[in-house]
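Numbered from 1 within each chain, the chains take letters A, B, ... in sequence-line order.
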There are 2 protein chains.
Amino acid sequence: MEVQTSQNTADKIKAVSLSLFARKGFEGTSLAEIASRVGIKKPSLYAHFKNKEDIFLAVIDKVMADYIAYFETVANKLVNRQAEEKLFILLKENTDYLRDEELGLIWKRMMLFPHETLKEKLKEKFLASEEKMTGTILAILKELKEDGIIQENTEEVLDAYYCLMDGTFEQVFYYPEIEHKRRLQHSWQVFWKGIKR
Amino acid sequence: MEVQTSQNTADKIKAVSLSLFARKGFEGTSLAEIASRVGIKKPSLYAHFKNKEDIFLAVIDKVMADYIAYFETVANKLVNRQAEEKLFILLKENTDYLRDEELGLIWKRMMLFPHETLKEKLKEKFLASEEKMTGTILAILKELKEDGIIQENTEEVLDAYYCLMDGTFEQVFYYPEIEHKRRLQHSWQVFWKGIKR
DNA sequence: CATCACCTTCCTAACGGTCGTTAGTCAACT
DNA sequence: AGTTGACTAACGACCGTTAGGAAGGTGATG
């Protein structure tokens with residue numbers, strides 16, 4: 001077993017495309033630019049992918065798979081922690097991961113402005129990761145409730161937690177890391193005070 | 001004085017362009033489609049605007065002006081209200097306004113994915129409205145603090161409020177109005193419990 | 001009042017450029 | 001021998017934009 005230090009062309013195309021799609025969107029990115037950055041000619045792309053949309057979907061699949069894999073490692077981090085910590089770690093790690101500029105950008109773009117013809121294909125892909133997330137959160141909330149740490153109204157708490165998560169997610173893009181960290185800390189403190197019994 | 005029931009061509013172009021730019025973005029929108037929806041031929045657009053970018057900027061100017069005007073009316077609604085209500089109304093009205101699909105979409109697009117060559121021009125335009133907002137919020141928080149209703153740490157409260165606002169703003173686009181209303185209500189309740197003394 | 005120049009707003013035609021895509025070829029590797 | 005992955009050339013479609021002209025209205029001048 002050895003470390004894979006070089007990428008094959010298809011992977012290089014995906015990597016370059018991720019970067020461009022993230023920064024310029026689907027229509028803002030041209031195959032010419034992708035090919036140029038990979039170091040091949042435009043028609044050579046068709047040796048690896050059916051068409052532009054196919055490249056995009058391959059990129060999205062990779063983004064999704066990476067995100068889910070990351071979420072798994074975070075979930076593993078949670079065992080043997082206090083439930084309060086679990087909630088906070090989940091929030092923090094999520095924004096930390098999406099802070100990676102390209103990942104966060106393309107994620108945001110897909111969710112908010114899906115390309116018209118790809119809208120449905122994208123929505124499908126999101127459901128899996130979202131369900132997983134909700135399951136994990138609900139398990140933690142149940143734990144907290146049974147220990148009598150938080151108030152009974154789970155639905156209220158869940159809604160507020162998702163709002164907190166969406167807010168901090170959005171702010172990742174406005175503010176530099178230091179400032180974002182402060183905002184996250186403050187928002188979390190208010191949230192926690194708000195749900196504690 | 002009479003009600004203006006018909007628009008001139010320039011206004012029609014702006015209205016049509018707003019809708020298209022919102023849904024498809026700057027590069028995703030073609031002059032051909034704009035012209036077609038207005039009911040004229042593509043080159044006729046140049047009788048009213050210098051070029052595509054000029055149309056976009058005219059649209060943005062209108063969006064900004066409308067938003068600021070709306071904010072004024074909301075601010076007027078706030079007088080003679082309890083400070084707690086003020087905070088909530090500000091939050092609610094903001095999302096209600098941006099719920100209008102096209103307005104919300106183009107607003108979001110501009111903030112998150114400004115077209116590369118227009119980035120700086122757009123950033124300028126945002127500063128005015130953002131400062132106004134922060135000023136209004138801080139005045140309310142000061143009021144609440146002097147009355148001993150909320151905790152002393154204004155920075156923490158302000159950060160949490162903005163997170164709440166960004167979160168509800170983001171969720172406007174995911175969820176139907178009824179569900180969003182419930183989420184807003186729940187998030188607000190947790191927030192308010194979290195900042196109360 | 002009639003004429004004239006001018007401006008606005010629309011048109012058709014066409015420009016050069018870029019887009020995504022295909023055809024056909026060729027060398028290298030399996 | 002067959003497959004892979006690169007190439008050159010070129011396709012038609014569409015892009016934003018410009019040129020040039022027709023029609024209508026406005027306002028000044030005789």
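Atom CZ in F49(A) sits about 16 Å away from atom C1' in dT21(C), given to the nearest Å. The separation between D54(B) atom CG and dG16(D) atom P is 14 Å, rounded to whole Å. Nucleotide dC14(D) holds its C1' atom 13 Å from the NZ atom of K24(B), rounded to whole Å. Rounding to whole angstrom units, OH of residue Y46(A) and P of dA9(D) are separated by 19 Å. Residue N51(B) contributes atom CG, which lies 16 Å from atom P of dC15(D) at whole-angstrom precision. Computed from coordinates, the E53(B) CD to dT17(D) C1' distance equals 14 Å when rounded to whole Å. Residue H48(B) contributes atom NE2, which lies 12 Å from atom C1' of dC11(C) at whole-angstrom precision. In this structure, NZ of K41(A) is placed 18 Å from C1' of dG24(C), rounded to the nearest angstrom.
Taking CE of M165(A) as the reference point, atom OG1 of T168(A) lies at 6.5 Å (rounded to 0.5 Å). Once rounded to the nearest 0.5 Å, the distance linking CD of Q82(A) with CD1 of I140(A) reads 12.5 Å.
Distances shown here put a side-chain N or O of T9(B) below 4.0 Å from the OP1 or OP2 atom of dC10(C). Considering only side-chain N and O atoms, S44(A) lies under 4.0 angstrom from the phosphate OP1 or OP2 of dC7(D).
Each end of the helix from dC1(C)-dG30(D) to dT30(C)-dA1(D) gets its own rotation axis from five pairs of C1' atoms, and the angle between them is 10° to the nearest 10 degrees.
Residue pairs that meet the ring-ring contact (aromatic ring centres under 6.0 Å, His included) test with at least one member in residues 15-38 of chain A, sequence neighbours left out, are F21(A)-F26(A), F21(A)-F56(A), F26(A)-F56(A), F26(A)-H115(A). Sequence neighbours left out, not one pair with a member in residues 30-53 of chain B passes ring-ring contact (aromatic ring centres under 6.0 Å, His included). Listed by first and then second residue, the side chain to side chain donor-acceptor pair (under 3.5 Å) pairs that reach into residues 50-60 of chain A are E53(A)-K121(A), sequence neighbours excluded.
Judged as a ring-ring contact (aromatic ring centres under 6.0 Å, His included), and not counting sequence neighbours, the contacts of F173(A) are F169(A).
In terms of modelled atom types and a separation under 3.5 Å, the side chain of Y161(A) and the main chain of L141(A) share no donor-acceptor contact.
For the pair P43(B) and P43(A), nearest-nucleotide mapping onto DNA chain C gives the more 5' position to P43(B).
K92(B) and L184(B) make their closest contact through CG-CD2, 4.1 Å (heavy atoms, listed as atom of the first residue, atom of the second, distance).
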Any protein N or O atoms within reach of nucleotides 16-19 of chain C? Criterion: under 3.5 Å, listing atom names and distances.
unit_1  : atom_1 : unit_2 : atom_2 : d
dC19(C) : OP1    : S30(A) : OG     : 3.4

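Partner of R183(A) under the side chain to side chain donor-acceptor pair (under 3.5 Å) criterion, chosen from H186(A), H180(A), E179(A): E179(A).
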